[in-house]
Amino acid sequence: MDKFVIRGGNPLVGTIRISGAKNSALPCMAAALLTEDEVTLENIPRVRDIETERRLLASMGAEVGLHEGELKDRTTIDCRRLSDPVARYEIVKTMRASSLVLGPLLARTGMARVAIPGGCAIGGRPIDLHIKGLEKMGAAITQEHGYIEARACRLRGAHLVFDKITVTGTEDLLMAAVLADGDTLMENCAREPEVVDLAALLIAMGAQIEGAGTSTIRVRGVSSLHGAHFRINPDRIEAGTFLIAGAITGGDLIVANCNSAHLGAVIAKLHEAGARIDVLGPDAVRVRAAAKLRAADISTEEYPGFPTDMQAQYMALATQAEGVSLVRENIFENRFMHVQELVRMGANIKVDGSTATVRGPARLSAAAVMCSDLRASASLVLAALVAEGESIVDRVYHMDRGYERFEEKLRGVGAQIQRMGNVFTPREAAAVAD
Ligand code: EPZ
């Protein structure tokens, strides 16, 4: 199982280029199920979840090419022959976003059999709102043996109001609505940029959609969609993660190839915490060391609020800020798995329900720590970059799900980070890493 060996203390200086957004690429790949034509997606990140989605689509009969570019990947997806509209548990259990195929499969073939995604480290992750919306559109849905079985001759347009704001719920039902008979009005939708990306692709494929990016989306169903060639937007969470890396290490980092318009809440918060942030243009942001980091509270909200996917990374920064920072997690019920590992490195953090109280600055010392989920992993790496000594961050396969060439990008701006196979002791790691 791969580990990172990280020696803390180096300020990060230079430029990091951001990859395409995993959470845009996943729904956009699923959207290819809606047409018999080929769909080409550019700027695909080379991460494990994309490979999982490729295997999932291929298991249904799609032809999915992944063409590795110099820096960016391109995928071509041809779902002309869908021999087996089933999303098997073996694949779904490794990536719950597989549930994104439910809506498009049902819309295209009239049936879908999708394993019910289990929960994950951060919460139960139910998909009841996806199911409720599809039933409102006329689908007959049963659940047995751990699978959802959905059938509909043709989905019909409906008025859908989400009980809770759900990103993949909005995406799943948007993909169901574009081929439905009649108009669909969706209210209380997610406004994330990833929803906007998906809608832009669907419109390029011939769908009629208005309002993506707002809480009210209108769809006029069409009889069929055609292929398209589309470029995935940069990953705003990767960009935010590296902005925090620049701030926490006291460096001077340019995050390039990003979409600065998607980083409003993160930039504002880093500013409040004392980091020097300059938006250099629509695709570049510069972060420089603050004289002193100041405590600042966060409360995770749906977009455009402070992203839950940035909560763990921000908490690492808060351990270095002067004062008391309150970190409130409002989206997921168990997204503090990184806290105990940060405390083992010397952080002063107390959790009470959905609020963590972080007292800083705390001197962090290197330790052997364990990743538990994608963003908690990033938090531990950020802490290790400032901890005194050499940390071992274990189970980095969690990171490989959503961060492309993470250690290479960090090394490129001065971090001392190596990926190791089965390293048994820090001494052995030190011998190899130097
Ligand atoms: C998406 O997950 C992202 N994943 C997550 O990113 C992200 O954390 C999350 O949105 C919130 O922004 C992808 O886009 C692939 P939700 P999603 O449905 O859609 C509850 C990462 O790190 N809910 O918006 O699954 C749910 O339990 C990942 O890249 C229901 O109750 O999240 C949660 O409390 C982690 N019923 C809240 O809504 C449902 O049917 C928001 O979840 C659906 C959701």
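Just follow the structure's listing: the first ligand is 1, and inside any ligand the first atom is 1. Positions are given from 1 along the sequence.
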Which residue and non-hydrogen atom of the protein lie closest to atom 2 (O) of ligand 1, and at what distance in Å?
R125 NH2, 3.4 Å
Among F332, F162, Y403, closest by any non-hydrogen atom to atom 42 (O) of ligand 1
F332
Could you tell me whether D400 and R419 make a salt bridge, using a distance below 4.0 angstrom between a side-chain N and a carboxylate O?
yes
Under a 4.0 angstrom heavy-atom cut-off, which atoms of ligand 1 come close to I127?
39 (C), 40 (O)
Mutual orientation of the aromatic rings belonging to Y314 and F306 [parallel < 30°, tilted 30-60°, perpendicular > 60°]:
perpendicular
protein heavy-atom neighbour closest to atom 19 (O) of ligand 1 works out as T168 OG1, 2.6 Å
In the structure I gave you, are the side-chain heavy atoms of L33 and L57 within less than 4.5 Å of one another anywhere?
yes
Atom indices of ligand 1 within 4.0 angstrom of A97 heavy atoms, with elements
15 (C)
Atoms of ligand 1 less than 4.0 Å from I331 heavy atoms?
33 (C), 34 (O), 41 (C)
List the atom of G421, the atom of D2, and the distance in Å for their closest heavy-atom pair.
CA-OD1, 4.0 Å
Pick one of side chain, backbone, both or neither for how H130 approaches ligand 1, counting any non-hydrogen atom pair under 4.0 Å.
both
Tell me whether R96 reaches ligand 1 (any heavy atom closer than 4.0 angstrom to a ligand atom).
yes
Report yes if some N/O of L129 lies less than 3.5 Å from some N/O of ligand 1; otherwise report no.
yes
Once the angle between the rings of F406 and Y403 is folded into 0 to 90°, is it parallel (under 30°), tilted (30 to 60°) or perpendicular (over 60°)?
tilted
Parallel, tilted or perpendicular: which fits the ring planes of H262 and Y303, with parallel below 30° and perpendicular above 60°?
perpendicular
Looking only at protein heavy atoms, what sits closest to atom 5 (C) of ligand 1 is D309 OD2, 3.8 Å
Identify, for atom 20 (C) of ligand 1, the protein heavy atom at the shortest distance, and state residue, atom and that distance.
K164 NZ, 3.9 Å
Can you check whether I122 has an N/O within less than 3.5 Å of an N/O in ligand 1?
no
So which bit of R335 gets within less than 4.0 Å of ligand 1, heavy atoms only: side chain, backbone, both or neither?
side chain
Between E329 and T308, does the side-chain hydrogen bond (donor to acceptor under 3.5 Å, both in side chains) criterion hold? Intermediate values first, please.
CA-CA 7 Å; E329 175 53 57; T308 175; 3.0 Å; yes
Atom 22 (O) of ligand 1 - nearest protein heavy atom and its distance
R375 NE, 2.9 Å
For T308, the atoms of ligand 1 under 4.0 Å from one of its heavy atoms are 8 (O), 11 (C), 12 (O)
When only distance counts, is K22 in polar contact with ligand 1, meaning an N/O pair under 3.5 Å?
yes
Knowing that exactly one of R54, R96, R401 qualifies, which makes a salt bridge (charged side-chain N to carboxylate O under 4.0 Å, His left out) with D49?
R401
Measuring from non-hydrogen atoms of D373 to any atom of ligand 1, is the shortest distance under 4.0 Å?
no
Candidates N233, D235, D197 - the one meeting side-chain hydrogen bond (donor to acceptor under 3.5 Å, both in side chains) with S24
D197
Can any side-chain N or O of T75 pair as donor or acceptor with the backbone N or O of G65 at less than 3.5 Å?
yes
Any N or O on E333 sitting closer than 3.5 Å to an N or O of ligand 1?
no
I'd like to know if E38 pairs up with R80 as an ion pair, taking the criterion as any Lys NZ or Arg NE/NH1/NH2 lying under 4.0 Å from an Asp or Glu carboxylate oxygen.
no
In the protein, which heavy atom is nearest to atom 24 (O) of ligand 1, and how far is it?
V167 N, 2.8 Å
Quick check: do V381 and F4 have side-chain heavy atoms less than 4.5 Å from each other?
yes
Considering only protein heavy atoms, which is closest to atom 4 (N) of ligand 1, and at what distance to one decimal place?
N23 ND2, 3.6 Å
So is T166 polar-close to ligand 1, meaning N/O to N/O under 3.5 Å?
yes
Compare every heavy atom of A152 with every heavy atom of G138, then report the nearest pair and how far apart it is.
O-CB, 4.2 Å
Between S19 and K409, does the side-chain hydrogen bond (donor to acceptor under 3.5 Å, both in side chains) criterion hold? Intermediate values first, please.
CA-CA 11 Å; S19 302; K409 292 184 179 185; 2.7 Å; yes
Specify the protein heavy atom at minimum distance from atom 31 (O) of ligand 1: its residue, its atom name, and the distance to 0.1 Å.
P126 CG, 3.4 Å
May I ask you to identify, for I237, whether its side chain, its backbone, both or neither come under 4.0 Å of ligand 1 on a heavy-atom basis?
neither
